[in-house]
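Here is the structure we will look at.
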Amino acid sequence: METALNLTFIVLLVATALMAVWARDLLAAVIIFSVYSLIMALMWQRLQAPDLALTEAAVGAGVTTVLFVVTVFKTRRREEEE
Amino acid sequence: MPDKSTFSVIPLIVILLPWISLLAILAFPKKAERLRLWLCALGSLASFGLLFSLLPGILDGKTYTIKLASVVESLEMRLTVDTLGFYFALILAFLWMLATIYSISYIDHKHNRFFAFMAMCESFILGCAFSANMFTYFIFYEMMTFGSYPLIIHEETTIARRAGYKYLVYAVAAGTVLFFAIVAHYFWGNGELGFGSYGVLSLEFASRAALTTIFFTYLAGFGVKAAIMPLHGWVPDAHPAAPSPASALLSGVILKAGAFGIIRVCFNVFGTDLLRELGVYVVMAVLACITIVVASVFALTQDNLKRRLAYSSIGQVSYIILGLAMLAHDGALGGVMHLTHHALMKGCLFLCAGVILVKTGKKNISEMAGVGYQLPITMICFSVCALAMMGTPPSVGFITKWLLGSGALQASLPVYIIILLVSALLNAAYFLPIIYIAFFRWEGDEVEGHGETHRPKLVFGKEADHKLVVPIVILALLVVVVGIWSNVTGFPYSLVSRVVNVIFP
Amino acid sequence: MGAWRHFPIFMITLPLLGAVLMPFLGYLRERWVPYAALLPLAASTLLGFLLVGRIPAGDHLSYHLGGWEPPFGIEIRVDHVGLFLMLVVCAITLLALVYSRRYIEKEVSPGRRTAYYVLYLLMSGAMLGFTATGDIFNLFVFMEILALSSYALVAITGNRNAVRAAFKYVLMGAPSSIMVLLAVGFLYSVTGTLNMADLASRIAESGYTEVLVVSYILFVIGFGVKAALFPLHMWLPDAHSIAPSPISALLSGLLVEVCAFALVRITFSVFTRSATDLVGGTADAVGVAAAAAVLYGGIMAITQKDLKVMIAYSTVSHIGYIFLGITAFTAEGLTGAMYHMLDHGLAKACLFLCAGNFIYLKGYRRIEELRGAWRQMPWTCFAFALASISVIGIPPTAGFISKWYLILGNIRAGKWLYTIVLLSGSILAAVYCLRIIYYMFFQAGKEEAWEDASRDVPPGMLVPVWALSLGTLFFGVFSYLLIPSLLKASAYLL
Amino acid sequence: MRLLHNYHYAAAMALFCIGLYTVIVRRNIIKKLIGLNIMETSVFFFYISLGYLDGGVAPIHAGSADPARMVNPIPQALILTGIVVALSVTALALSMVILLYRQYGTLDVDRLMREEEPAAEGAAGEGEGGA
């Protein structure tokens with residue numbers, strides 16, 4: 001059961017990572033990345049690292065995302081086509 | 001070698017004297033130009049004098065040594081005056097002194113930098129002569145290379161620049177090869193680079209291939225300076241481009257630094273037994289023979305006087321190499337003595353060429369008709385040296401040829417004698433026309449029969465500044481004097497025979 | 001237990017502390033910042049010199065942060081080689097900082113000057129820590145501080161090229177840091193320790209060969225990017241040429257070397273001899289890359305038109321020298337590599353500062369523009385010439401000694417090809433250096449280009465340049481001060 | 001490969017590769033930075049998995065947890081540092097992105113790097129070059 005839950009998390013992590021990478025809309029990518037960070041935080045909680053999970057939730061999903069969002073707003077939303 | 005090594009600061013002082021004069025030049029104001037120039041001459045005079053004071057001790061078998069710095073135990077910068085080094089230092093300091101005096105009148109006075117670099121170069125090359133080991137030799141050798149570059153390009157013409165560039169290309173490549181040779185020597189010589197004994201390397205510690213590699217890299221590295229034939233390319237360009245005193249030094253001393261390096265390699269690094277065992281001396285001899293003949297042929301085709309002299313130098317320096325490659329007593333004696341002999345002769349010839357250039361503005365031999373009447377003393381000295389180059393007795397050139405010939409017989413290879421004869425013939429073929437043109441042709445004698453009426457008058461004593469003429473006369477006199485009384489103490493024979501007698505008992 | 005045992009940690013923390021305090025000073029008295037910034041570095045240098053001779057031969061000085069014993073606490077570990085490099089770092093950072101005061105007036109806008117000094121001190125402290133630490137995670141942390149401050153310093157002028165170069169640097173530098181972190185993780189996973197000495201003893205016992213190899217490869221790539229080893233050097237020419245000159249001097253003269261030194265530590269102190277056969281294949285690959293670097297850097301340097309880019313490519317080439325010395329796996333080779341770090345640090349810093357002088361006084365960056373430069377800037381030009389001679393490796397400069405040992409080491413290792421590569425590298429160096437010397441001294445430029453016949457840069461900029469170039473001469477002539485102990489220390493490392 | 005029996009490691013490596021792929025291949029610089037963050041978190045994940053033991057508890061002494069069953073606290077302490085470092089790198093890089101976009105008007109790394117330097121167009125190489 002434990003393992004199954006962990007595996008689910010991992011599959012989710014990989015999936016969100018891939019989505020973040022492939023999303024054409026940068027804002028979407030950033031948001032997906034924030035979700036990825038949250039899942040990562042949960043995963044760490046499951047690995048008995050509560051303080052890290054807390055930090056990651058705050059820093060990874062919070063601060064980093066905010067920084068990314070600000071950047072995207074200050075630059076452009078769409079990825080350029082060649 | 002009787003090892004009576006004494007600590008002495010004299011080698012260091014000899015090396016530093018040119019620097020001191022250099023600093024003195026800087027200390028005096030620009031207006032006192034003559035004072036500054038004479039100081040420079042005085043510096044080289046002093047270093048020659050001080051060097052000469054070591055002669056009794058050297059003849060006594062002493063060596064003087066001083067340690068400058070060291071990297072690790074066996075890798076040190078040390079100056080040692082041994083017989084061979086003293087011999088080289090003596091002739092170079094002497095020639096340098098004359099060239100400096102000559103330059104005072106010759107060089108455009110605006111260029112004090114020429115004297116600065118002259119002094120620097122002298123110091124470096126004295127360092128070469130005094131080096132106690134290959135490491136020190138290389139350090140001074142490289143510094144000398146870069147110090148002599150400004151001498152070559154002094155006139156800053158396009159030709160001079162190009163010549164200087166070529167010189168640098170050759171020198172840097174050679175320095176790199178040499179560097180490798182020395183590191184390899186250090187490695188296979190078990191950290192022993194010194195010149196203290198005759199033959200450091202041996203087959204005990206290193207393979208045949210390794211030793212052969214070391215030898216050939218050494219030969220290539222020094223061969224560029226010594227102008228062994230495929231590596232001679234910079235010489236014919238650099239000599240005409242440099243001011244005459246500089247070309248006299250290039251030919252008389254700087255080329256010899258390469259040759260001296262080869263002497264050190266043959267005597268002190270490998271030793272004659274090892275050379276014989278490896279068989280590498282054959283290559284050296286063949287290269288030297290080719291150089292002697294081919295360079296003389298090239299010299300024939302040159303119209304520019306200094307270029308012809310440069311090719312002549314290429315051939316003559318190979319006499320030294322050939323003498324070493326004979327691996328015989330007389331051969332080695334003749335080769336090493338030729339170091340001085342050639343320096344005297346070629347130094348004088350280049351200085352003469354300089355006087356001709358300054359007084360008549362003529363560079364090419366074909367234009368020199370009647371120069372002998374305009375500049376009689378110069379051209380007489382020129383003729384003396386030219387005849388000596390051909391090997392006419394009584395002169396230093398004759399002694400070299402005689403000893404080399406005798407060496408060839410000792411080595412039972414009479415083929416060398418043929419080479420020497422061919423070389424003498426070619427020498428005659430390219431020197432005699434110059435003398436002929438200078439004395440027996442004059443302006444407007446093209447129509448036969450009218451010659452007698454236009455023959456110019458000989459005018460003595462007014463041809464040039466004394467500072468130009470005196471060095472030439474001294475050198476020309478020495479060419480004869482050393483040729484006649486060659487075994488006077490202090491002359492080459494007395495010094496060289498000491499070394500050669502130890503190597504070939 | 002004398003007070004001197006605490007010196008290394010002070011050497012590291014003083015600049016970092018200075019960096020923390022500097023913004024306050026900048027807020028109160030901005031004009032004092034350039035002078036105040038000198039203090040911590042000068043103190044570090046002093047402490048470093050006081051340490052000379054204290055460390056017993058063939059041993060190291062170990063300091064435990066906060067009194068925790070090594071496997072748990074962080075250890076500062078200074079051996080002879082490390083102290084040597086720390087002193088080099090201190091001296092060069094100090095000199096470049098002296099130089100900075102006047103120079104950055106030209107390139108850095110007033111609002112950013114305090115930031116410049118803060119980052120500068122941060123970088124210096126991080127380099128010292130990076131060199132001295134005995135804990136591989138700590139190594140990572142210092143590396144990150146170092147990297148961050150150098151990213152920011154490259155971009156400090158804020159113009160488009162600078163930011164672009166810095167970003168290129170980040171794009172290569174940040175992943176490489178992560179690789180180092182991963183490598184540290186791998187090592188930790190098989191040994192359960194982060195202390196270098198501890199690791200060295202446990203690596204031999206652990207059976208996880210594959211993990212060790214992967215970890216070593218990651219270290220090589222990670223430090224290779226930071227040290228600009230050949231195929232990973234792409235960021236270097238841009239970053240080094242566009243950064244303000246004192247920063248170029250630090251990046252080129254120190255940062256790449258400190259990173260190369262980290263690899264030395266990892267190779268010899270962590271993986272040690274027992275594992276050398278294990279990482280041998282990787283080391284061979286590094287050797288090939290280094291040989292390629294020597295040739296590639298040299299050839300690229302010859303083709304450059306911009307002076308600073310040329311010097312930067314020359315750095316690529318010289319990093320190759322250092323790595324060739326390391327991969328020879330002989331005491332001589334390692335000594336050569338270490339001495340080359342010193343020599344290259346001094347010479348390259350000097351070259352960059354000289355290039356800075358030209359920019360400061362005339363705004364000239366292109367090699368063409370330097371024709372006849374010595375008429376106006378004789379002192380700068382002579383210093384440049386001296387440093388170039390060391391770069392080529394002509395005696396009696398330090399470059400000659402280091403090249404001697406590099407070649408000796410490679411001969412002893414039987415690596416003939418590398419010997420030839422090293423030699424050709426110095427021929428290439430001769431080509432690109434002598435060209436510039438030739439332009440400066442022996443070619444008349446346009447008259448109006450150097451009209452002001454008496455004005456060189458202010459003494460505050462000349463003194464560091466001359467100190468560095470005389471340093472190359474000094475360490476060439478007096479190499480016996482260092483070489484014997486370096487040889488001993490290298491033998492100890494092996 | 002005894003290590004691979006632990007799927008955490010495999011996952012971390014997979015994420016690391018995704019991140020590396022993004023950093024190297026994707027041309028948008030914000031994407032590259034996202035990739036960088038993915039790489040970083042994957043390595044942190046790897047560290048934490050290292051310290052984890054099956055059925056372990058958090059390394060907090062306050063409760064009555066059994067020290068023998070605690071997970072290894074050292075990697076966690078390290079990662080705390082790592083997160084801070086990662087954040088600062090990201091922040092610095094993002095500020096550079098904004099600056100770059102202002103000056104070049106593009107986020108595409110190829111276009112960014114292809115743009116000629118203004119200085120290089122100035123003086124064309126005059127003079128005869130080498131001697």
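Numbered from 1 within each chain, the chains take letters A, B, ... in sequence-line order. FYI, side chains are in, hydrogens and waters are out, and symmetry mates aren't considered; it's all heavy atoms of this structure.
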Closest contact, heavy atoms only, Leu15(D) versus Val14(A): CD2-CA, 4.0 Å
Pick from Thr55(A), Leu26(A), Thr64(A), Val59(A) with the largest number of heavy-atom pairs that fall under 4.5 Å of chain D: Leu26(A)
What's the separation between atom CD1 in Ile48(D) and atom CG in Leu52(A), rounded to the nearest 0.5 Å? 4.5 Å
Structural part of Ile10(A) lying under 4.5 Å from a heavy atom of chain D: side chain
Any side-chain heavy atom of Met43(A) sitting closer than 4.5 Å to one from Phe45(D)? yes
What distance do Ile18(D) atom CD1 and Trp22(A) atom CH2 have between them, rounded to the nearest 0.5 Å? 7.5 Å
Part of Val11(A) within contact of chain D (heavy atom distance under 4.5 Å): neither
Please state whether the side chain, the backbone, both or neither of Leu94(D) comes within less than 4.5 Å of a heavy atom of chain A. both
Chain A contacts: which residues in residues 30-40 of chain D have a non-hydrogen atom closer than 4.5 Å to it? Ile30(D), Lys31(D), Leu33(D), Ile34(D), Asn37(D), Ile38(D)
Taking Gln76(D) for its side chain and Gln48(A) for its backbone only, find out whether a donor-acceptor pair lies under 3.5 Å. yes
Flag side-chain contact, heavy atom, 4.5 Å: Val63(A) against Thr90(D): no
Answer yes or no: is there a side-chain heavy-atom contact under 4.5 Å between Leu67(A) and Leu87(D)? yes
Please examine the side chains of Leu100(D) and Thr75(A), heavy atoms only from C-beta on, and report whether any two atoms are closer than 4.5 Å. no
What part of Phe44(D) is in contact with chain A, defined as an atom under 4.5 angstrom from a non-hydrogen atom: side chain, backbone, both or neither? both
Please walk me through it: do Val97(D) and Lys74(A) pass side chain to side chain contact (heavy atoms under 4.5 Å, CB included)? CA-CA 10 Å; Val97(D) 169; Lys74(A) 288 208 168 196; over 6 Å; no
Is there side-chain contact between Thr41(D) and Tyr36(A), with at least one heavy-atom pair below 4.5 Å? yes
